[in-house]
Amino acid sequence: MTDAENPYVVGPTPYDEETLRRLYEDERRTMTAIARKFDRDPSTIRRWMDEFGIERRQGGAATAIAEVSSDD
């Protein structure tokens, strides 16, 4: 069942490989930052990344980015 088919999922979701790769690899966001952006638990983001085969960075490899409240 996809998020689009799940009546319990509300709001935007990054559950697609392109979005997760863009946020994590290109924009260098952390899993926690992605989870906050989409009001999800970091473990959910980690599970989705595992499902898509997105290799996680080792600690300290993430670059610090400024999170702004008006982030889209």
Side-chain angles (χ1 to χ4, degrees):
M1 176 183 304
T2 67
D3 279 349
E5 299 166 338
N6 187 338
Y8 299 104
V9 173
V10 246
T13 176
Y15 186 71
D16 68 80
E17 185 174 0
E18 181 181 341
T19 299
L20 283 174
R21 284 193 185 278
R22 179 178 51 80
L23 293 170
Y24 190 73
E25 296 176 346
D26 298 341
E27 296 182 16
R28 308 285 296 166
R29 294 179 188 236
T30 63
M31 284 187 286
T32 301
I34 296 169
R36 254 195 322 264
K37 176 178 177 64
F38 291 101
D39 195 27
R40 298 289 190 268
D41 191 87
S43 65
T44 300
I45 303 303
R46 182 175 42 255
R47 180 172 41 84
W48 290 345
M49 289 176 60
D50 288 345
E51 288 175 14
F52 290 126
I54 299 172
E55 191 171 323
R56 295 194 302 267
R57 296 183 293 262
Q58 296 304 310
T63 57
I65 62 168
E67 296 286 331
V68 292
S69 59
S70 62
D71 197 8
D72 55 350

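Here M31 contributes atom CE and I54 contributes atom CD1; the two are 10.5 Å apart, rounded to the nearest 0.5 Å. One distance of note links CZ of F52 with CZ of R47; it measures 10.5 Å at 0.5 Å rounding. Atoms OG1 and CZ, from T32 and R40 in turn, are 15.0 Å apart once rounded to the nearest 0.5 Å.
Of the charged side-chain nitrogens involved, at least one lies within less than 4.0 Å of a carboxylate oxygen, so that R56 and D50 count as a salt-bridged pair. Salt bridge E18/R22: absent, no basic N to carboxylate O contact under 4.0 Å.
Inter-residue side-chain proximity for L23 and F38 is flagged as met; some heavy-atom pair is nearer than 4.5 Å. The shortest side-chain heavy-atom distance between Y24 and M49 falls under the 4.5 Å cut-off. Residues R57 and E25 are not in side-chain contact: their nearest non-hydrogen atoms beyond the backbone lie 4.5 Å or more apart. Proximity of I45 to L20: side-chain heavy atoms (C-beta onward) are separated by under 4.5 Å at one or more points.
Crowding of D26 atom CG: a count of heavy atoms from other residues, nucleotides or ligands under 6.0 Å exceeding 12.
A donor-acceptor pair shorter than 3.5 Å can be found between the side chains of D16 and T19.
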